[in-house]
Amino acid sequence: MAEKYTPQQIEPKWQARWDADKLYRATIDPSRPKHYALTMLPYPSGNLHIGHWYAMSPSDARARWMRMRGYNVLFPMGFDAFGLPAENAAIQRNIHPKTWTYANIEKMRTQMKTMGTMFDWDREAISSDPKYYKWTQWFFLKFYENGLAYKQMATVDFCPHCNTTLAREQVWGDDRHCERCGTPVIKKDLEQWFFRTTKYAEELQDHSQINWPERVKTMQKNWVGQSEGAHVTFKTEQGDDLTIFTTRPDTLWGATFMVLAPEHPLVEKLTSDVQRTAVAAYIDSASRQTEIERTDTNKEKTGVFTGGYAINPVNNARVPVWVADYVLMGYGMGAIMAVPAHDERDFAFARKFDLPVRVVIQPEGEVLDGDTLTEAYHGDGKMVNSGAFDGTHTDESVAKVTAWLDEQGMGHYAVNYRLRDWLISRQRYWGAPIPIVYCANCGAVPVPYDQLPVVLPDDVQFMPTGESPLKFHAGFLNTTCPTCGGPAKRETDTMDTFMCSSWYHLRYLSPDYDEAPFDPQEGAYWLPVDQYTGGIEHATMHLMYTRFFTKALRDCGIWKDTEALRQPDQPSVANEPMLALFNQGMILGEAREGDIVIASGTVEADRLNAASIRIVTDVVETTGANEVSGEITKRTENLLNINTPQREMTVEVYDTTKIMDVNGNAITLADLRYHLDAEKMSKSKGNVVAPDQVVAKYGADTVRGYLMFAFRWESGGPWDSQGIQGIVRWLNDVWTLVTGDKPAMSGEADEAAVKALRRKVHQTIQKVTDGLDSFGFNTAVAGLMELKNTLLAARKTPVVNTPAYAEAISSMLLMMAPFTPFIAEELWERTGHPYSIHTQQWPVYDPEIAKADEITLVVQVNGKVRDRITVPADISEADAKALALSSESIQRYFNGEPPSKVFYVPTRGMVNIVV
RNA sequence: GGGGCUGUGGCGGAACGGUAUACGCAGGUGACUUAAAAUCAUCGGCUGAAAAGCGUGUGGGUUCGAUUCCCACCAGCCCCACCA
């Protein structure tokens with residue numbers, strides 16, 4: 001009886017050995033090309049979920065493959081360990097965030113080892129370690145020193161539940177909710193710390209030095225949101241400059257009023273005594289509105305006249321100045337010229353408040369009239385009512401007017417960005433403290449470098465409100481001023497955790513280094529990251545911040561040492577952190593099908609509370625006299641009327657939904673099934689796949705194999721508990737192939753069969769190599785399965801006794817090593833090879849061996865396949881054409897006429913005859 | 001409203017402009033079994049008895065040849081959004 005494949009025994013054994021041998025330790029080796037493979041580090045939430053497996057095991061496979069190809073591969077891992085959940089756990093369960101976080105890290109590190117990843121744990125970095133956040137604080141000080149960090153009173157997004165401010169990137173969705181907890185955010189005026197990301201707006205939208213997915217590049221470009229136009233300065237009647245930004249300076253003559261954001265500094269001065277009460281009331285109501293209400297695009301325009309006027313510099317027109325919340329303080333200058341004839345928002349506002357509409361662009365062959373216009377016109381045309389510019393066409397109007405404005409000193413060309421500075425202050429405990437001290441005499445004073453880190457105190461009292469306990473910790477709060485030595489208070493805000501994760505790829509280089517955030521020697525060898533992988537959700541957050549960080553570091557002079565040590569043929573480390581990026585998709589919950597249990601007209605769906613399901617009604621049968629007819633007309637809490645039998649209809653089914661006939665009598669239905677679409681995994685939906693359980697059942701190799709085979713990596717898809725059987729069978733077959741008793745086979749192996757086997761091996765090498773290269777893990781695994789199928793067949797022939805067969809087995813094991821590292825190592829040993837398979841060379845593809853002797857010549861007539869002929873692979877063009885033309889099944893398409901043209905495609909073994 | 005992505009069997013998915021549906025799941029049939037599971041063999045795009053025809057969301061185009069390239073449309077998903 002042959003031994004069975006038992007991953008539960010094999011996997012822990014090898015895991016322990018790899019660990020003990022430090023098989024995955026990566027150190028500087030100038031003799032080999034380096035490859036820095038990086039996968040986004042997890043937040044230590046407590047357990048690895050299937051999404052982590054999906055993100056990490058294919059990245060791991062690729063890193064392993066790069067190593068087998070001769071690269072010196074750095075593949076590190078760590079934890080983004082600061083953040084709110086730890087603090088919430090502390091409040092809810094009375095566990096210190098540190099205790100909670102480090103226990104979780106311990107657990108997750110073990111789980112990652114179970115997964116068979118080749119992470120180099122000697123390089124682990126944990127962002128909540130003082131030896132890590134010392135340098136996060138150090139970077140803050142460098143930014144402060146270089147004018148890239150500043151503190152300012154600002155209207156900011158604030159989550160009332162988390163009791164902290166949020167960056168713009170952390171406010172999500174139509175209802176503008178907190179990224180963490182889902183609570184709608186409110187606006188608050190607070191003094192907050194910012195990083196000057198806007199300084200890098202132009203650079204951040206340039207991706208020319210990196211190979212990143214188009215999708216991410218587009219999202220980042222849109223996020224930076226560049227628009228070209230002009231700044232134009234109006235004068236208020238009190239003589240103040242009132243500058244606006246416009247993308248359409250050519251419509252300046254059509255400005256019939258101006259609008260300021262409620263927060264605009266000139267509002268106060270412009271407001272007349274008569275209007276003062278009304279303006280104050282409006283501003284008050286605007287500030288009390290939620291962000292959702294205020295930014296609702298469908299909302300009717302609101303606003304109020306200030307009573308003040310400004311002078312349009314281009315024609316000295318006196319235009320009224322209004323205040324309205326459709327103008328946002330955060331974009332442009334917080335003030336606009338309103339051109340109702342050519343802007344739909346201004347148009348709506350003008351019509352509502354009965355303001356004049358003045359047409360200044362006339363389209364070809366049509367005459368627009370401001371009084372009768374029903375919507376703003378933003379098409380092409382010629383300028384009118386615009387003084388000397390009348391007759392200028394849209395093609396050149398903007399450029400001409402801009403140049404003229406500049407000449408006249410009224411305005412100038414301007415580029416405006418949507419990007420905002422990065423708000424990094426958080427009013428929470430579990431984060432890196434901002435290293436600033438406030439002194440009554442000296443103001444805000446940076447903590448000297450030699451006093452870093454500013455350590456987070458452990459002995460704190462957590463508030464049920466989430467308010468930062470640092471504000472009440474006397475020992476932390478009270479300090480002395482580094483400048484004058486007088487009494488001073490510490491900043492109690494901590495830094496956004498995105499700050500910690502903006503530079504973690506640098507800390508991996510030398511996690512214990514104490515002279516700088518990273519060792520320049522290591523940096524010069526390993527940087528930049530060659531291949532980064534992670535989810536798309538970070539496109540405008542982490543992936544933006546880390547690019548900003550790299551560029552800011554350059555301007556603070558931090559790359560100098562590294563750049564000096566760098567090999568000249570290596571790309572610069574100072575501009576972009578990650579040269580290539582790949583985004584994996586997401587694993588969804590399993591789509592479920594099942595019977596709905598019918599009892600006395602009551603539908604009970606298995607384990608459903610209130611889920612949207614599809615009832616397939618073509619299998620519905622009624623019993624008795626009742627007819628099911630009509631449509632679904634009504635659904636109350638527990639009642640569903642089915643009228644028209646449709647093939648499929650989506651209804652909501654509660655655990656006791658009643659199916660009634662048209663007369664309201666309960667009916668009995670047979671064979672009613674439900675279908676649940678795949679959805680995001682969540683505890684409340686009960687569709688979460690726990691990797692630990694699946695691994696215990698099938699082994700890590702099977703789970704890895706399944707995740708790589710089942711979907712395109714970039715797409716992801718629903719978990720399929722049935723589908724994993726395919727991988728179970730694959731690995732069992734491989735196991736049998738190597739460990740099973742060879743069937744007794746006498747006689748000489750057929751030479752052609754041996755050749756065919758070797759051909760298959762080399763075709764597989766090409767397929768698997770290409771797959772790994774292009775992140776096509778699914779097709780790579782498919783190739784390995786095909787080779788396995790070929791070997792199973794060869795095993796039943798005398799080929800099994802040839803050296804070619806043994807060689808095929810070892811090639812297959814080598815190719816499996818990146819995907820299923822445990823079984824590959826085990827079978828490598830059992831076939832008498834030296835430890836370890838993971839330090840072997842990747843098999844080399846030989847096109848000569850992969851070439852076929854015979855091919856199938858495909859014969860098409862007018863592009864349709866009409867015949868297939870087996871021919872020698874090296875057939876000449878003339879022979880192939882002649883053979884094709886002489887084929888009987890082809891000649892019947894000729895209808896007596898000779899073919900007009902014959903195409904031969906040698907690379908495809910194909911002839912196309914045109915008749 | 002703006003931008004982007006995706007549409008191929010019952011399902012996940014293959015296919016440098018050249019044999020559409022590789023590989024796998026589910027399913028059918030048969031073998032083994034008292035039986036089931038597992039395993040093995042075998043069959044599955046659709047219509048058709050067959051011959052043959054039709055097939056990659058829909059409609060056009062380019063081409064000897066289009067799932068692949070171009071245009072328009074439809075559907076679904078994602079990002080941004082009173083952005084001046």
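Just so we're on the same page: letters track the sequence lines, and every chain starts at 1.
- Checked by atom type, the side-chain pair A:Tyr331/A:Ser227 shows a donor-acceptor distance below 3.5 Å.
- You'll find the ring centres of A:Phe709 and A:Trp730 outside the 6.0 Å limit.
- Judged by Watson-Crick or G-U wobble contacts below 3.5 Å, the nucleotide B:U47 has B:A52 as its partner.
- The base of B:C64 lies close enough to the side chain of A:Asn912 for a donor and an acceptor atom to sit less than 3.5 Å apart.
- Toward the 5′ end of RNA chain B lies the nearest nucleotide of A:Glu344, the other residue of the pair A:Ile724 and A:Glu344 mapping further downstream.
- Of the N and O atoms on the side chains of A:Asp241 and A:Thr233, not one donor lies less than 3.5 Å from an acceptor on the other residue.
- Between A:Arg418 and B:A81, a side-chain N or O to OP1/OP2 separation shorter than 4.0 Å is present.
- The local environment of CD in A:Glu202 is sparse, with at most 12 non-hydrogen atoms from other residues, nucleotides or ligands closer than 6.0 Å.
- Of the two residues contacting RNA chain B, namely A:Asn862 and A:Lys767, the nearest-nucleotide position lying further toward the 5' end is that of A:Lys767.
- Here A:Phe903 packs flat against the base of B:C64; its ring centre is closer than 5.5 angstrom to the base's six-membered ring, tilted by less than 30 degrees.
- For A:Phe245, the side-chain atoms get nearest to B:A84 when compared with the rest of B:C25, B:A84, B:A14.
- Looking at A:Gln763, its side chain does come within 3.5 Å of a backbone N or O of A:Ala850 through a donor-acceptor pair.
- At a threshold of 4.0 angstrom between heavy atoms, the contacts of A:Gln722 are confined to the sugar-phosphate backbone, with no base atom among them.
- You'll find that the side chain of A:Phe709 is closest to B:G12, out of B:G12, B:A22, B:C79.
- Counting non-hydrogen atoms under 4.0 angstrom, A:Lys221 reaches nothing in the nucleic acid.
- Within the nucleic acid shown, A:Asn789 comes within 4.0 Å of sugar-phosphate atoms alone, with no base atom in reach, counting heavy atoms only.
- For the P atoms, the distance from B:A22 to B:A14 is 13 Å, rounded to whole Å.
- With a cut-off of 3.5 Å on both Watson-Crick or G-U wobble distances, the partner of B:U6 is given as B:A75.
- B:A38 and B:G53 have their P atoms separated by 42 Å, with the value rounded to a whole Å.
- In this structure, of B:U19, B:U39, B:A81, it is B:U39 that holds the atom nearest to the side chain of A:Arg729.
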